[in-house]
Amino acid sequence: MSRRVRLWLLAVGGAGLATLFVAAALDLPAFGGDRHPYGDRAVHASLARHTANVIASVNFDQRAFDTLGEMTILFAAVIGCVILLRQTRDEHRDRPAPEKVSRPVRRHALLVLPVALLTGLYVIAHGQLSPGGGFQGGVVAATSLHLLYLGADYRALERVRPVGLYETGDAIATSAYVVTGLAGLIGGTAFLANTLPYGTFNTLSSGGTVPLLNAAVGMEVACAVVVLLARFLDQAVEIEEGNGK
């Protein structure tokens, strides 16, 4: 295929995409109006399924398959990072020497660590009730562990961050999301369909499968962030090239 033909195909495809985009934009409800068809349907579905947080209902019920795609992208990124940043033959590991940490930094980091960790777990557990959820809480919980790196040293972080365990947890969490979706097929409905009782509105057990999927995402995100940071920190702190630089 010549360069001229490729440019024509790009132009035609771009023009078609622009036409569809303009047509969709012209059909949007007027700004500031009282007609919100998608929002009204999302709120109605959320309340019908006893999920207090509409965003959680959208992410883990109405468009749970899309959320599976997002989680799969993160899982693939972790796999790619582990493969690309693995130790090579011309690299060796040198135990990092502890750096001196000022007393205020150490005190603040060690005081904030449990608070940040509990906050992350709380955000995950209450994702179907209040703003937040697995994605946000997972990041908070994972990064809270790294306050040990700031307040103590890298070896202290290593003791609470066995990378292999978190890699396994990442895979288990992703599999749990898929298995929860397959339960719908086994029950005779659709993939990722809500198959559990909806429970009492605005309680931790409400929302059917939404809390399970939210917890799976929280665990996957937390483990993925820990593994990613571990691999990059290994490159910066531990691994040295054969010439000692």
Side-chain angles (χ1 to χ4, degrees), residues 49 51 53 55-86 113-114 116-148 157-187 190-196 199 204-234:
R49 292 166 172 80
T51 307
N53 183 6
I55 304 301
S57 176
V58 172
N59 287 338
F60 303 112
D61 186 6
Q62 301 172 44
R63 55 176 292 270
F65 191 77
D66 294 339
T67 302
L68 174 61
E70 296 170 1
M71 188 169 70
T72 303
I73 292 173
L74 179 58
F75 183 66
V78 172
I79 294 177
C81 180
V82 170
I83 294 175
L84 293 175
L85 298 182
R86 69 187 184 278
L113 191 154
L117 180 59
L118 288 176
T119 300
L121 297 177
Y122 178 90
V123 171
I124 295 174
H126 292 76
Q128 74 275 17
L129 305 179
S130 57
F135 287 100
Q136 298 84 348
V139 173
V140 174
T143 53
S144 66
L145 298 178
H146 292 78
L147 290 172
L148 271 178
L157 173 62
E158 283 185 309
R159 286 194 289 269
V160 300
R161 191 213 59 190
V163 179
L165 181 62
Y166 284 94
E167 290 174 345
T168 302
D170 191 8
I172 291 175
T174 304
S175 301
Y177 196 103
V178 176
V179 169
T180 305
L182 293 175
L185 295 177
I186 297 174
F191 180 67
L192 285 172
N194 204 334
T195 57
L196 296 178
L204 286 176
S205 60
S206 62
T209 56
V210 170
L212 298 181
L213 296 177
N214 178 67
V217 168
M219 178 178 177
E220 197 274 336
V221 171
C223 292
V225 172
V226 168
V227 173
L228 289 174
L229 291 177
R231 295 303 178 183
F232 285 109
L233 283 174
D234 284 350

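- A heavy-atom distance below 4.5 Å is found between the side chains of L182 and L185.
- Judged by distance alone, the side chain of N194 and the main-chain N or O of G207 form a donor-acceptor pair under 3.5 Å.
- Looking at heavy atoms from C-beta onward, V210 lies out of side-chain contact with R49 at the 4.5 angstrom threshold.
- The shortest side-chain heavy-atom distance between F60 and T51 does not fall under the 4.5 Å cut-off.
- Atom OG of S205 is separated from atom CG of L196 by 10.5 Å, given to the nearest 0.5 angstrom.
- In this structure N53 satisfies the side-chain hydrogen bond (donor to acceptor under 3.5 Å, both in side chains) test with no other residue, sequence neighbours excluded.
- Listed by chain and number, the residues in a side chain to side chain contact (heavy atoms under 4.5 Å, CB included) with D170 are F75, V78, T174, E220, C223, A224 (sequence neighbours excluded).
- A 4.5 Å side-chain heavy-atom check between V217 and N59 finds every atom pair outside the cut-off.
- Minimum heavy-atom separation, A141 to L117: O-CD1, 3.9 Å.
- With sequence neighbours excluded, the residues satisfying side-chain hydrogen bond (donor to acceptor under 3.5 Å, both in side chains) with S57 are Q62.
- Here L113 contributes atom CG and L118 contributes atom CG; the two are 9.5 Å apart, rounded to the nearest 0.5 Å.
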Working for side chain to side chain contact (heavy atoms under 4.5 Å, CB included), residues T119 and S144: CA-CA 9 Å; T119 300; S144 66; over 6 Å; no
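- Considering every non-hydrogen atom in both V226 and A142, the closest pair reads CG2-CB, 3.7 Å.
- Taking both residues in full, the closest heavy atoms of S206 and P211 are given as O-CG, 3.1 Å, listed atom of the first, atom of the second, then distance.
- To the nearest 0.5 Å, atom CG of residue L228 and atom CG of residue L85 are 9.0 Å apart.
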Just do the side chain to side chain contact (heavy atoms under 4.5 Å, CB included) check on V163 and R161 with the steps written out, would you? CA-CA 6 Å; V163 179; R161 191 213 59 190; 3.9 Å; yes
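- Separation of atoms CD (Q128) and CG (N214) is listed at 6.5 Å; rounding is to 0.5 Å.
- Test V123, L74, T67 against F135 for side-chain contact (heavy atoms from CB on, under 4.5 Å) and you get one pass: T67.
- Heavy-atom minimum distance, P162 versus R159: CD-O, 4.4 Å.
- The aromatic rings of F65 and F191 sit perpendicular, their planes meeting at an angle over 60°, well past the 30° parallel limit.
- With rounding to the nearest 0.5 Å, the separation of CG in L192 from CG in L68 is 6.0 Å.
- The CZ atom of F232 lies 11.0 Å from the CG atom of D234; values are rounded to the nearest 0.5 Å.
- A heavy-atom distance below 4.5 Å is found between the side chains of V160 and L148.
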